[in-house]
**Q** 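A single structure is presented below for examination.
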Amino acid sequence: MRTAAVIGSGPNGLVAAVYLARAGWDVTVFEAAGHLGGGTASAELAMPGAVSDVCSAVHPLGVASPALRNLPLEEHGLAWVYPEIPFGHAVGRGEAVVVHNSVDATAEGLGVDGAAYRTLMQPLGRHADSLVDSVLVRSVGAFLEGVEPAVAMTRFGTAAARSARWLADRFEGERARAVVAGLSAHGVMPLDRPVTAGVGLILGVLAHSVGWPVAQGGSQAIADALVSIGRAEGVTYEVGHSVEDLGELDGFTAVLADISPSALDRLAGGRLDARQRRPLIRFAHGPGVCKVDWVIDGPIPWADERLTRAGTVHLGGTFDQIARAEAEAAAGVHPRWPYVLLAQQSLFDPTRLSGSLPPGAQVVWAYCHVPSGSTLDMSERMSAVVEDSAPGFGSRILATNVRTAADMQRHNANYVGGDITGGVADLRGQLVRPFASPTPWRTPLEGVYLCSASTPPGAGVHGMCGWHAARTAIADLG
């Protein structure tokens, strides 16, 4: 029997374990922390009885991913909750725009840019499944399905390689430009860099196709369902077991590592020569995040009440304001007016709130981008950004929990410097992540594979990095 050791139990490690076990392998997952799931976890962070997501919170890729949608997650306890409006963007001073599942409904709110938005998004939305699969599976399958999907894929690829600023300049009004900024800033890069348009486009397409759902009860439910499936397939889990050297796992046919490139280099010890180590030790990580959880005494008092119906809200102002904040974070400067990514899951998922809380209390999840390794508490600056679009927000806060970028790394070693995306996903990062190879999950060490978000297709709770690594191991070793 083939045996595999999986180091790390983030969603990629858990998915790799399941697919290896389904192929008949005997699989053991080793997790250094006291819980399974990595960043896909939930806990009562700001106040007892108020469940907040520790890191990952909103999961459009979770429902779109081929790796996850082919697993019986719902049979193992996972339920998706879909907010009425996938996301909104608070431009500031009471002005906001909301993005509906419907492209037409969204376009109606964009004024002068409605027609341009419709022209951009409708063809992509019609072929969303093929588009997302092609990006995540890294195949050209959509080109083989007919002329129309091939044209849509070509248009997407041409635009995706460009910068968010280039994409925003296709629009005249500030509302559409702000939507581009809020979406593209998920990439945690300056918005004038290539491929930032691709980040925004794929997330926009998902909003119009599968929506931006959250996991009922918290993101931990995703990890729990994957673990439950794994147990049913015979996977063994060892929690609180830190692997310190790959030599500890010499008895396994394969090792799949859901860890950072630098961690793999450390575990390899002297097994790699200088040339082989170079991609690991030179792997580039981007800015970190400062993560804040608030418990407030009621819904956020948005000046535009439509935002109360949105699961996710982007804040930070206009395109230029957000572009400035992202450039500052990448340059090592703490933005005075940061881009804030905020989720209000408990409005749509009351299971996250216990009866011990004050009546009407809600949990708010948010983060902003900061220089790598930052120890600065950004909660006051973030609160000011929310207050600009929700007057009175600050006075409603009952409790606050803050994790700086340095805290994020202490919580999860894969978040190097607080980088939750697994490394800079710019054009070079897309081509060399971390190995310049058609199969970048295969490392120079025989039988050792990297399956973290530092490999394609990168960040997100989709499990595809683990799926690719497992398939590569199975192809190599039988």
**Q** Looking at side-chain heavy atoms only, is the closest gap between Pro66 and Val137 below 4.5 Å?
**A**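 A side-chain contact under 4.5 Å exists here.
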
**Q** Taking Glu233 for its side chain and Ala21 for its backbone only, find out whether a donor-acceptor pair lies under 3.5 Å.
**A**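 Checking the backbone N and O of Ala21 against the side chain of Glu233, no donor-acceptor pair under 3.5 Å is found.
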
**Q** Where do Gly37 and Ala223 come nearest, in terms of heavy atoms and distance?
**A**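 Nearest heavy atoms, Gly37 then Ala223: CA-CB, 3.6 Å.
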
**Q** For Pro358 and Met47, work out which heavy atoms get closest and say how close.
**A**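 Taking every non-hydrogen atom into account, CD-SD, 4.5 Å.
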
**Q** Treating Thr196 as the side-chain partner and Ala164 as the backbone partner, does any N or O pair qualify as donor plus acceptor under 3.5 Å?
**A**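 Side chain of Thr196 to backbone of Ala164: a pair is present.
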
**Q** Of all residues at least two apart in sequence or in a different chain, which pass the ring pair (Phe, Tyr, Trp, His ring centres under 6.0 Å) check with Phe393?
**A**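 For Phe393, the residues satisfying ring pair (Phe, Tyr, Trp, His ring centres under 6.0 Å) (neighbours in sequence not counted) are Trp294.
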
**Q** Give the intermediate values and the outcome of side-chain contact (heavy atoms from CB on, under 4.5 Å) for residues Leu110 and Phe171.
**A** CA-CA 10 Å; Leu110 294 176; Phe171 299 106; 5.9 Å; no

**Q** Quick one: which residue pairs count as a salt bridge (charged side-chain N to carboxylate O under 4.0 Å, His left out) with a foot in residues 257-266, not counting sequence neighbours?
**A**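 As it turns out, the salt bridge (charged side-chain N to carboxylate O under 4.0 Å, His left out) pairs with a partner in residues 257-266, which skip direct neighbours, are Glu244-Arg266, Asp265-Arg277.
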
**Q** Identify the heavy atoms of Phe348 and Gly311 that sit nearest to each other, and give their distance.
**A**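 That would be CE1-CA, 3.6 Å.
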
**Q** How would you list, by chain and number, every residue that makes a ring pair (Phe, Tyr, Trp, His ring centres under 6.0 Å) with His241, sequence neighbours excluded?
**A**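 Only Phe30 meet the ring pair (Phe, Tyr, Trp, His ring centres under 6.0 Å) criterion with His241.
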
**Q** Atom SG of Cys368 and atom CG of Leu315: how far apart are they, to the nearest 0.5 Å?
**A**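 It comes to 11.5 Å.
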
**Q** Which atoms form the tightest heavy-atom contact between Leu206 and Ala64, and what is the distance?
**A**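 Smallest interatomic distance, heavy atoms only, reads CD2-CB, 3.6 Å.
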
**Q** Tell me whether Trp365 contacts the main-chain N or O of Asp53 through its side chain, where contact means a donor paired with an acceptor under 3.5 Å.
**A**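 Looks like yes, one N/O pair under 3.5 Å.
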
**Q** Would the distance check show the side chain of Arg306 and the main-chain N or O of Ile85 forming a donor-acceptor pair, the cut-off being under 3.5 Å?
**A**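 Pair absent, no side-chain N/O of Arg306 close to backbone of Ile85.
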
**Q** Atom OG of Ser184 and atom CD1 of Ile202: how far apart are they, to the nearest 0.5 Å?
**A**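 The CD1 atom of Ile202 is 12.0 Å from OG of Ser184, to the nearest 0.5 Å.
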
**Q** Inspect the surroundings of CD in Gln122 and state if more than 12 heavy atoms from other residues, nucleotides or ligands are less than 6.0 Å away.
**A**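 Yes, enclosed.
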
**Q** Got a donor-acceptor contact below 3.5 angstrom from the Ser65 side chain to the Gly62 backbone?
**A**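 Between the backbone of Gly62 and the side chain of Ser65 there is no qualifying donor-acceptor contact (under 3.5 Å).
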
**Q** So does Gln220 get a backbone contact from the side chain of Ser42, meaning a donor-acceptor N/O pair under 3.5 Å?
**A**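 Yes, because the side chain of Ser42 sits within donor-acceptor range (under 3.5 Å) of the backbone of Gln220.
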
**Q** Applying ring pair (Phe, Tyr, Trp, His ring centres under 6.0 Å) as the test, list every pair that has at least one member in residues 192-223; sequence neighbours left out.
**A**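 Matches after skipping sequence neighbours: Phe87-Trp212, Tyr117-His208, His186-Trp212, Trp212-His314.
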
**Q** Can you tell me how far apart OG (Ser383) and CD1 (Ile397) are? Round to the nearest 0.5 Å.
**A**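 Going from the OG atom of Ser383 to the CD1 atom of Ile397 covers 4.0 Å.
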
**Q** Begin from the C-alpha positions of Asp169 and Arg177 and carry the test side-chain contact (heavy atoms from CB on, under 4.5 Å) through to its verdict.
**A** CA-CA 7 Å; Asp169 287 346; Arg177 291 172 56 82; 2.8 Å; yes

**Q** Set out, in order, the CA-CA distance, both residues' side-chain angles and the distance that settles side-chain contact (heavy atoms from CB on, under 4.5 Å) for Val98 and Leu307, then state yes or no.
**A** CA-CA 7 Å; Val98 294; Leu307 295 180; 4.0 Å; yes

**Q** Rounded to the nearest 0.5 Å, what's the gap from OG1 on Thr351 to CD on Gln345? Could you check?
**A**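 Interatomic distance, Thr351 OG1 to Gln345 CD, rounded to 0.5 Å: 10.5 Å.
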
**Q** Just jot down the ring pair (Phe, Tyr, Trp, His ring centres under 6.0 Å) partners of His462, sequence neighbours excluded, or say none.
**A**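 Applying ring pair (Phe, Tyr, Trp, His ring centres under 6.0 Å) to His462 gives none.
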
**Q** With salt bridge (charged side-chain N to carboxylate O under 4.0 Å, His left out) as the rule and sequence neighbours excluded, what pairs involving residues 56-66 come up?
**A**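 Listed once each, the pairs would be none.
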
**Q** Heavy-atom distance under 4.5 Å between the side chains of Tyr415 and Lys291, does that happen here?
**A**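 The answer is no, as the side chains (C-beta and beyond) never meet within the 4.5 Å cut-off.
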
**Q** Short question: side chain of Arg433, backbone of Ala453 - any donor-acceptor pair under 3.5 Å?
**A**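 It does hold such a pair.
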
**Q** Just jot down the side chain to side chain contact (heavy atoms under 4.5 Å, CB included) partners of Ala160, sequence neighbours excluded, or say none.
**A**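 By the side chain to side chain contact (heavy atoms under 4.5 Å, CB included) rule, Ala160 matches Phe156.
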
**Q** Checking side-chain contact (heavy atoms from CB on, under 4.5 Å) for the pair Leu450/Ile259: CA distance, chi angles, key distance, verdict?
**A** CA-CA 7 Å; Leu450 192 62; Ile259 59 179; 4.3 Å; yes

**Q** Taking the side chain as C-beta and beyond, is there a heavy-atom pair between Arg22 and Val18 under 4.5 Å?
**A**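 When only atoms from C-beta onward are counted, Val18 and Arg22 do touch, with a gap below 4.5 Å.
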
**Q** Which residues pass the side chain to side chain contact (heavy atoms under 4.5 Å, CB included) test with Ala32, not counting sequence neighbours?
**A**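 Side chain to side chain contact (heavy atoms under 4.5 Å, CB included) check on Ala32 returns Ser242.
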
**Q** Identify, with sequence neighbours excluded, every residue that meets ring pair (Phe, Tyr, Trp, His ring centres under 6.0 Å) alongside Phe283.
**A**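 Applying ring pair (Phe, Tyr, Trp, His ring centres under 6.0 Å) to Phe283 gives His285.
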
**Q** Under the side chain to side chain contact (heavy atoms under 4.5 Å, CB included) test, which residues partner Asp426, sequence neighbours left out?
**A**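 Asp426 satisfies side chain to side chain contact (heavy atoms under 4.5 Å, CB included) with Met189, Arg193, Val424, Arg428 once adjacent residues are dropped.
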
**Q** Kindly determine whether Arg93 and Asp304 satisfy salt bridge (charged side-chain N to carboxylate O under 4.0 Å, His left out), including the steps that lead there.
**A** CA-CA 10 Å; Arg93 299 176 183 269; Asp304 187 327; over 6 Å; no

**Q** If every non-hydrogen atom of Pro86 is compared with every non-hydrogen atom of Ala207, which pair is closest and at what distance?
**A**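 The pair with the smallest heavy-atom distance is CG-O, 3.7 Å.
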
**Q** Taking side chain to side chain contact (heavy atoms under 4.5 Å, CB included) as the test, write out the residues that go with Arg170, two or more places apart.
**A**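 So Arg170 forms a side chain to side chain contact (heavy atoms under 4.5 Å, CB included) with Trp166, Leu167.
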
**Q** Looking at every heavy atom in both Ser52 and Leu45, which two are closest together, and how far apart are they?
**A**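 Heavy-atom minimum between the residues: CB-CD1, 4.2 Å.
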
**Q** With a 4.5 Å limit on heavy-atom distance, are the side chains of Leu191 and Phe319 in contact?
**A**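 Yes, close enough: below the 4.5 Å cut-off.
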
**Q** Does the Thr421 side chain pair with the main chain of Ala459, one donor and one acceptor, at a distance under 3.5 Å?
**A**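 Side chain of Thr421 to backbone of Ala459, a donor-acceptor pair under 3.5 Å: no, none is there.
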
**Q** Does some side-chain heavy atom of Ile420 sit less than 4.5 Å from a side-chain heavy atom of Tyr367?
**A**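 Side-chain contact under 4.5 Å: yes.
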
**Q** Classify the side-chain pair Ser379/Asp377 by whether it contains a donor and acceptor separated by less than 3.5 Å.
**A**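 Per modelled atom types, Ser379 and Asp377 side chains form a pair under 3.5 Å.
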
**Q** Quick check: does any side chain N or O of Thr404 sit under 3.5 Å from a backbone N or O of Cys290, one acting as donor and the other as acceptor?
**A**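 Checked: no pair found.
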
**Q** Taking the side chain as every heavy atom from C-beta outward, state whether Val292 and Thr400 have any atom pair closer than 4.5 Å.
**A**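 Contact flag for Val292/Thr400 side chains = yes.
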
**Q** Donor-acceptor pairs under 3.5 Å, side chain of residues 328-343 to any protein atom, not counting sequence neighbours: which ones?
**A**
residue : atom : partner : partner atom : Å
His334  : NE2  : Ser374  : OG           : 2.7
Tyr339  : OH   : Gly182  : O            : 2.8

**Q** Once rounded to the nearest 0.5 Å, what's the spacing between atom CG of Leu14 and atom OG of Ser228?
**A**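 Reported value, rounded in 0.5 Å steps: 11.5 Å.
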
**Q** Under 3.5 Å, side chain of Glu387 to main-chain N/O of Gly392, donor-acceptor pair present?
**A**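 Checked: pair present.
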
**Q** Return the CD to NE2 distance between Glu174 and His89, rounded to the nearest 0.5 Å.
**A**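 Interatomic distance, Glu174 CD to His89 NE2, rounded to 0.5 Å: 8.5 Å.
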
**Q** In a check of side-chain hydrogen bond (donor to acceptor under 3.5 Å, both in side chains) between Asp407 and each of His411, Arg410, Arg403, which one passes?
**A**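 Considering His411, Arg410, Arg403, a side-chain hydrogen bond (donor to acceptor under 3.5 Å, both in side chains) with Asp407 is found only for Arg410.
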
**Q** Check whether any side-chain heavy atom of Cys465 sits under 4.5 Å from a side-chain heavy atom of Pro456, and report yes or no.
**A**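 No, side chains not in contact.
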
**Q** Do the side chains of Pro213 and Val63 get nearer than 4.5 Å, heavy atoms only?
**A**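 Answer yes - side chains close enough.
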
